[in-house]
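Everything on this sheet refers to the single structure shown next.
Letters go in sequence order (proteins before strands), and every chain restarts at 1. For the numbers below, each heavy atom of this structure counts, side chains included, while hydrogens, waters and symmetry mates do not.
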Amino acid sequence: MTLLSIQLSKLVLAGVARAQKEGALPSFELPELIHLTRPNRREWGDYSSALPLQLAKQIDHSPIVVANHIQDYLPKSPIIEHSTVSEPGFLNVTLSSDWLCSQVARVISEGTSFMNLDLYSNQSAQVEFVSANPTGPLTVGHGRGGVLGDTLSNLLSAVGYKVTREFYYNNAGQQMKKLGESLRIRYLQSLGISVQLSEDHYQGEYLISLAAQIVESHSDSLSEESWETFKDIAETDIAAKQHSTLNRLNIVMDVLYNEQSLYEDGSLDKVVAKLRQKKLAYDKDGAVWFAVKELGGSDDRVIVKSTGEPTYRLPDIAYHCNKMERKFDLVIDVLGADHKDSFPDVILGVKAMGYEADRIKMLMHQFVNIKGQRMSKRSGKFISLDDLIDEVGADVVRFFMLMRASESHLEFDIDLARDQSDKNPVYYVQYAHARICSILEKASIAGYSLKDTKVDSLVHPSERLLMRNLLELSDTIDRAVSEMAPHYLTTYVRDLASSFHTFYGDCRVLDDDDVSLTLARLNLIRAVRIGLSHALGLLGVSAPESM
RNA sequence: GCCCCCGUAGCUCAAUGGACAGAGCACCUGACUUCGGAUCAGGUUGUUGGGAGUUCGAAUCUCUCCGGGGGUGCCA
């Protein structure tokens with residue numbers, strides 16, 4: 001479909017062009033699209049444009065005169081019922097009720113495809129998110145990244161991208177040795193042998209319970225095994241648990257990319273060689289440095305330590321070159337605030353390697369603070385993502401993680417999410433969906449036929465508002481994608497639920513004395529149901545038929 | 001020291017450079033012999049942290065100061 005905002009924008013611009021042609025306005029360059037806002041007073045109609053105010057100065061007319069001219073030459077359109085001009089120079093349009101009804105009918109007959117956009121069909125996108133190493137359970141911070149990345153992926157699919165969800169991890173190096181050693185020590189401890197973890201070992205309780213499981217299945221038969229054996233056990237177990245945690249949130253990765261493969265296939269050497277060749281890498285203090293300053297960045301960075309091991313920046317650059325090799329049209333890294341500082345260096349590295357790194361975007365998110373219950377009762381440690389899902393449920397976790405702009409710190413008040421669960425915005429939205437299902441069920445029992453998608457005669461203000469809100473889903477999706485801001489969708493779906501509940505209070509759907517109105521309203525709520533469940537689906541939240 | 005994010009109603013937060021800055025929670029008052037009361041309607045709530053600048057117009061852009069958080073390694 002064509003976005004409503006674009007259609008209206010084109011109409012207004014056509015009005016300007018005609019006014020110019022007829023000599024009412026002087027000639028000047030027109031923008032391709034104009035910005036429309038939703039006015040906050042009903043008398044100003046459904047959409048407003050401040051274009052006259054913006055044009056007034058450059059063409060030396062009063063804004064109100066410009067607005068009047070544009071209004072005079074506004075083309076006739078089935079979309080617009082009428083237009084008005086208001087001080088100090090706004091052009092306001094009111095949508096036609098008939099047109100709104102006709103669009104609602106299309107929502108029913110065409111379903112979600114009507115609300116999705118094909119702006120980017122035949123394009124591919126890769127979204128990298130979570131990217132935790134297999135050294136411990138996922139944190140609530142990973143949860144935020146996971147929910148953001150997955151929802152953004154859903155949104156990208158909705159505008160036509162073929163999306164790859166990718167998880168990048170490293171199961172090699174010092175950290176894994178420490179993990180293996182830690183598990184081995186826990187194992188020996190649970191056999192009653194007196195050994196201690198050192199400070200740089202992994203202290204988490206999950207290794208104690210894993211050790212206990214090993215004792216149960218293998219008794220003491222592994223006591224002579226090396227750390228490598230325990231590393232393999234720990235890695236397998238932790239990785240499986242991480243993905244089962246993600247699955248609980250409806251997150252399923254398409255590709256698991258192992259950092260180790262970049263060491264093995266020579267990618268790292270290739271990067272170093274090429275940077276050296278371009279004089280962007282040099283030796284100092286026994287290490288290899290990447291000349292970031294040379295490229296306009298902040299500080300030069302070590303990419304190969306004096307021990308010969310790469311720092312994380314080198315594989316990061318190689319990995320992103322690999323993404324470029326895979327020809328994605330769009331690459332998005334969903335990163336926590338702790339990783340974002342290295343992002344510009346990686347981009348500079350990828351550019352230095354000769355790729356169009358502008359296709360790589362970053363969606364940065366701040367951390368999550370758990371309020372009210374800083375410590376988990378079970379482990380005595382920081383609450384894990386699994387704990388959080390146990391406490392409030394997957395739907396609430398997903399919705400809450402998406403209620404705030406990603407760059408804002410998120411305070412997750414568990415006690416509030418749990419104790420006030422019936423006042424919860426998630427339930428508010430889901431209730432609207434369940435309520436619709438219930439009415440439709442009742443209508444079906446009463447014998448109303450829902451074969452026809454005809455919608456007309458819906459003129460009540462609550463009906464108009466509900467229709468308008470429903471039809472804004474596409475614009476919301478578009479905006480959420482272009483600004484990489486999934487939280488617009490949570491705001492939207494709450495608005496849609498709210499206008500449905502208001503409609504429900506004002507307009508009785510089932511009325512045996514007026515069958516034609518009943519059918520129109522039934523079709524309206526069928527369409528709203530499609531909109532609600534589609535938006536909730538994009539958010540990864542369930543849309544229950546009853547609750 | 002340097003960099004990033006945030007500061008909006010009592011609380012948690014929205015808001016695409018536009019009109020009188022909006023929701024939810026909390027508090028008060030109403031609404032079912034009728035479609036699900038997990039609902040609705042109404043009421044109260046503001047120096048958008050302070051100051052300056054750009055603009056016809058600033059919560060939004062720039063500068064500066066204050067406060068909170070995060071980052072800043074030959075860790076990832």
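Residue A/Tyr488 places at least one side-chain N or O closer than 4.0 Å to OP1 or OP2 of B/U16. Checking the phosphate oxygens (OP1, OP2) of B/A15, a side-chain nitrogen or oxygen of A/His487 falls inside 4.0 Å. Within the 4.0 Å cut-off from OP1 or OP2 of B/C13, at least one side-chain nitrogen or oxygen of A/Arg404 is found. An OP1 or OP2 oxygen of B/C75 is reached within less than 4.0 angstrom by a side-chain nitrogen or oxygen of A/Lys305. Within the 4.0 Å cut-off from OP1 or OP2 of B/G36, at least one side-chain nitrogen or oxygen of A/Lys442 is found. The side chain of A/Arg479 contributes an N or O atom lying less than 4.0 Å from OP1 or OP2 of B/U16.
Checked against salt bridge (charged side-chain N to carboxylate O under 4.0 Å, His left out), A/Asp341 has no partners two or more places apart in sequence or in another chain. The ring pair (Phe, Tyr, Trp, His ring centres under 6.0 Å) test applied to A/Phe400 returns A/Phe412, not counting sequence neighbours. For A/Asp506, the side chain to side chain donor-acceptor pair (under 3.5 Å) criterion is met by A/Ser462, not counting sequence neighbours. Under the side chain to side chain donor-acceptor pair (under 3.5 Å) criterion, A/Asp299 pairs with no residue, sequence neighbours left out.
In this structure, A/His433 has its ring center at least 6.0 angstrom away from the ring center of A/Phe500.
A gap of 25 Å separates the P atoms of B/G71 and B/U62, to the nearest Å. Comparing the same atom, C1', in B/G18 and in B/C65 gives a spacing of 29 Å after rounding to whole Å. Here, B/U45 and B/G24 have their P atoms 16 Å apart, quoted to the whole Å. Here the separation of B/G51 from B/A15, taken at their P atoms, is 24 Å to the nearest Å. Rounded to the nearest Å, the gap between the C1' atom of B/C20 and that of B/G46 is 13 Å. Taking atom C1' in both B/G53 and B/G17, one finds a spacing of 16 Å when rounded to whole Å. When the C1' atom is used for both B/U12 and B/A31, the distance is 28 Å, rounded to whole Å. Spacing of C1' atoms, B/C25 relative to B/A14, comes out at 14 Å, to the nearest Å.
Between A/Gln366 and A/Arg435, the one whose closest nucleotide on RNA chain B sits nearer the 5' end is A/Gln366. Residue-to-nucleotide proximity on RNA chain B shows that, of A/Leu510 and A/Asn133, the 5′-proximal contact is made by A/Leu510.
Applying a 4.0 Å cut-off to non-hydrogen atoms, the residues of residues 286-296 of chain A that approach RNA chain B are A/Ala287, listed by residue number. For the segment residues 306-314 of chain A, residues with any heavy atom less than 4.0 angstrom from an atom of RNA chain B are, sorted by number, A/Ser306, A/Pro310, A/Thr311, A/Tyr312.
The CE-C1' distance, from A/Met362 to B/C5, rounds to 11 Å in whole Å. Remark: P of B/G73 and CG of A/Asp299 are 9 Å apart, rounded to the nearest angstrom. The distance between atom CG of A/Asp200 and atom P of B/C75, rounded to the nearest whole Å, is 14 Å. Whole-Å rounding puts the A/Ile439 CD1 to B/C35 P distance at 10 Å. What separates CG of A/Leu465 from P of B/C40 is a distance of 13 Å, to the nearest Å. Counting to the nearest Å, the P atom of B/C75 and the CG atom of A/Asp316 are 14 Å from each other.
A parallel orientation is assigned to the rings of A/Tyr431 and A/His501, their planes being inclined by less than 30° (bins at 30° and 60°). Between A/Tyr257 and A/Tyr319, the ring-plane angle classifies as tilted under the 30° and 60° cut-offs.
Checking side-chain atoms of A/Gln430 against main-chain N and O of A/Met547 turns up no donor-acceptor pair under 3.5 Å.
Closest approach to the A/Tyr504 side chain among B/C35, B/U39, B/A38 is made by B/C35 (side chain taken as heavy atoms from C-beta onward). When the nucleotides B/U16, B/G36, B/C5 are ranked by their closest atom to the side chain of A/His409, B/C5 comes out on top. Ranking B/C4, B/A14, B/A38 by closeness to the A/Met364 side chain, first place goes to B/C4. Nearest to the side-chain atoms of A/Ala405 among the listed nucleotides B/A76, B/U72, B/A14 stands B/A14.
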Pairs under 3.5 Å (N/O, protein and nucleotides 28-31 of chain B):
none

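For the side chain to side chain contact (heavy atoms under 4.5 Å, CB included) test with A/Phe399, the passing option among A/Asn424, A/Val392, A/Val541, A/Val147 is A/Val541; the others fail.
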(message) One character per nucleotide, please: for nucleotides 17-23 of chain B, 5' to 3', B when the base has a protein heavy atom closer than 4.0 Å, S when only the sugar-phosphate does, - otherwise.
(response) -BBB-S-
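Looking at heavy atoms from C-beta onward, A/Pro310 lies in side-chain contact with A/Pro315 at the 4.5 angstrom threshold.
Using a cutoff of 4.0 Å between basic side-chain nitrogens and carboxylate oxygens, A/Asp283 and A/Arg276 are scored as salt-bridged. A/Arg479 has no carboxylate O lying under 4.0 Å from a charged side-chain N of A/Glu472, or vice versa, which leaves the two without a salt bridge. Using a cutoff of 4.0 Å between basic side-chain nitrogens and carboxylate oxygens, A/Asp300 and A/Lys293 are not scored as salt-bridged.
The number of heavy-atom neighbours closer than 6.0 Å to NZ of A/Lys178, taken from other residues, nucleotides and ligands shown, is above 12. Residue A/Glu32 places its CD atom among 12 or fewer non-hydrogen atoms of other residues, nucleotides or ligands, all under 6.0 Å distant.
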What pairs of donor and acceptor atoms, side-chain ones from residues 509-519 of chain A against any protein atom, are under 3.5 angstrom apart with sequence neighbours left out?
| residue | atom | partner | partner atom | Å |
| --- | --- | --- | --- | --- |
| A/Asp511 | OD1 | A/Asp513 | N | 3.0 |
| A/Asp512 | OD1 | A/Tyr448 | OH | 2.6 |
| A/Asp514 | OD1 | A/Leu517 | N | 3.2 |
| A/Thr518 | OG1 | A/Val509 | O | 3.3 |
| A/Thr518 | OG1 | A/Asp511 | N | 3.0 |
| A/Thr518 | OG1 | A/Asp511 | O | 2.9 |
| A/Thr518 | OG1 | A/Asp514 | O | 2.9 |

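By the rule that a glycosidic angle within 90° of 0 means syn, B/C6 does not qualify and counts as anti.
Annotated stems with RNA chain B as a participant read B:1-7 with B:66-72, B:10-13 with B:22-25, B:27-31 with B:39-43, B:49-53 with B:61-65, given as range with range, by first number; only runs of 3 or more Watson-Crick or G-U pairs under 3.5 Å qualify.
A pairwise comparison of heavy atoms in A/Asn170 and A/Met176 identifies O-SD, 4.2 Å as the closest pair.
Pairs of residues two or more places apart, or lying in two chains, that qualify as side-chain hydrogen bond (donor to acceptor under 3.5 Å, both in side chains) and include a residue from residues 128-141 of chain A are A/Glu128-A/Ser131, A/Glu128-A/Lys323, A/Asn133-A/Gln175, A/Thr139-A/His142. Counting only residues at least two apart or in different chains, salt bridge (charged side-chain N to carboxylate O under 4.0 Å, His left out) contacts with residues 429-442 of chain A are absent.
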